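Please read the structure below before turning to the comments.
Numbering starts at 1 and runs along the sequence shown. Note that this is a predicted model, so its numbers are computed, not measured.
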Amino acid sequence: MEGMPLNIPRTVEEVFNDFKGRRSGVIKALTSDVRKFYVMCDPEKENLCLYGLPNETWEVSLPVEEVPPELPEPALGINFARDGMQEKDWLSLVAVHCDSWLLAVAFYFGARFNFQKHDRKRLFEMINELPTVYEALTGNYKQSKDQSGTPNNISSKNKSGGKVAPSFICVLRIPFSFTGSFTNSCAAPHFLQSRLSESQTKGGRMSTPKEEESVEEEDDDDEQGATCGACGDNYANDEFWICCDVCEVWFHGRCVKITPAKAQHIKQYKCPGCSSKRVRV
């Protein structure tokens, strides 16, 4: 991936044209070229990125090797989440990351060439006139424009039962570490959700240290009795495990070819056995 264009944009207009070209490229990948894009994002491959190019084309490739990169890099590992989510949700997630990346590239050029306050404001206003990649993908742009009247008009529409555009917060999840804690149980991935719900007390009451210790002891007892649905081996603290959201059977990550990095992008995990079952019509 050649990140830096041959003709480096230096003015507000040139940066905006670069933004439009890259934006058009990723929109093509997520709409008219979506089947080709889907196939290229094979979860078995290494971390892949979606790049929009200034000439309105796109490519899926590995991140650049140079550190630090010449340009801000797009989201890494978009292919890992492909098979763990509904396709439309996965594409929406990619679209949101693309929007973030496009803004980062545009304002990188602004910072590099010392755009002043009025230049940065004008660049943002020009960009803001275009639908985001997410809006172009989902068709929410027209709806948001119809609802962009005065505060009173918005209030009256809501009160009259008008539908409000769904928030993307249902798709995005709070970043986490495997050793950290979650601020919202809805954000926890499926393979830790059951452990998290057990550790939370009813009614949102804060648990005392003694209660937390007893919960941890119960969890340890449950885990010690768990066996892998693939190989039959018992649970071990030094191994990564994942639970199927359909049959609720636990598996070694290595047995089902799921790494911790892949798991954090999966919205709902189905084990190989459940994935092979066809739904009866």
Could you tell me which non-hydrogen atom of [X] sits nearest to which non-hydrogen atom of [Y], and how far apart they are?
X      : Y      : value
Cys98  : Leu50  : SG-CD2, 3.7 Å
Leu123 : Phe115 : CD2-CE2, 4.3 Å
Ile78  : Cys41  : CD1-SG, 4.0 Å

Side-chain ion pair, Glu44 and Lys257, N-O less than 4.0 Å: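 No, no charged N to carboxylate O under 4.0 Å.
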Using a strict 4.0 Å threshold on nitrogen-to-oxygen distance, state whether Arg120 and Glu125 make a salt bridge.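 No salt bridge links Arg120 with Glu125.
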Determine, stepwise, if the pair Val15 / Phe113 fulfils side-chain contact (heavy atoms from CB on, under 4.5 Å). CA-CA 10 Å; Val15 172; Phe113 296 110; 5.8 Å; no
Whether [X] and [Y] hold their rings parallel, tilted or perpendicular, with breakpoints at 30° and 60°:
X      : Y      : result
Phe124 : Phe107 : tilted
His265 : Phe80  : tilted
Phe37  : Trp58  : perpendicular

Supply the atom-to-atom distance [X] [atom1] to [Y] [atom2], rounded to the nearest 0.5 angstrom.
X      : Y      : atom1 : atom2 : answer
Ile27  : Leu137 : CD1   : CG    : 9.0 Å
Asn17  : Arg22  : CG    : CZ    : 12.0 Å
Lys121 : Asn128 : NZ    : CG    : 12.5 Å
Gln268 : Gln86  : CD    : CD    : 8.0 Å
Glu70  : Ile8   : CD    : CD1   : 7.0 Å

Please determine if Arg23 forms a cation-pi arrangement with Phe19, meaning its NZ or CZ atom is less than 6.0 Å from the six-membered ring centre and no more than 45° off the ring axis.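 Because its charged atom misses either the 6.0 Å distance or the 45° angle limit, Arg23 does not stack over Phe19.
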Can you confirm if the NZ or CZ of Arg82 lies within 45° of the ring axis of Tyr38 and under 6.0 Å from the centre of its six-membered ring?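 Positive - Arg82 is close enough to the ring of Tyr38 and near enough to its axis.
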Mind running side-chain contact (heavy atoms from CB on, under 4.5 Å) on Phe240 and His252 for me, showing each step along the way? CA-CA 6 Å; Phe240 170 71; His252 289 111; over 6 Å; no
Is a side-chain N or O of [X] found less than 3.5 angstrom from the main chain of [Y], in a donor-acceptor match?
X      : Y      : value
Asn47  : Leu76  : no
Asn79  : Glu46  : yes
Trp101 : Pro72  : yes
Glu135 : Thr132 : yes
Lys270 : Cys244 : no
Glu66  : Val64  : no
Lys262 : Pro43  : yes

Using a 4.5 Å cut-off on heavy atoms from C-beta on, say whether the side chain of [Y] contacts that of [X].
X      : Y      : answer
Cys231 : Phe251 : no
Cys271 : Cys247 : yes
Val246 : Tyr269 : no
Val105 : Asp18  : yes
Ser92  : Thr138 : yes
Trp250 : Cys228 : no
Ile266 : Met85  : no
Phe109 : Arg10  : no

Stepwise salt bridge (charged side-chain N to carboxylate O under 4.0 Å, His left out) check, Arg35 with Glu87: CA-CA 11 Å; Arg35 299 316 331 149; Glu87 182 177 335; 2.8 Å; yes
For a side-chain contact (heavy atoms from CB on, under 4.5 Å) check, start with the C-alpha distance between Lys45 and Asp42, then their side-chain angles and the critical distance, and finish with the verdict. CA-CA 6 Å; Lys45 295 182 179 179; Asp42 185 353; 3.8 Å; yes
Derivation and outcome, side-chain contact (heavy atoms from CB on, under 4.5 Å), residues Tyr134 and Leu30: CA-CA 10 Å; Tyr134 173 72; Leu30 300 177; over 6 Å; no
Stepwise, does the salt bridge (charged side-chain N to carboxylate O under 4.0 Å, His left out) test hold for Arg254 with Glu239? CA-CA 9 Å; Arg254 55 180 168 79; Glu239 294 179 311; 3.2 Å; yes
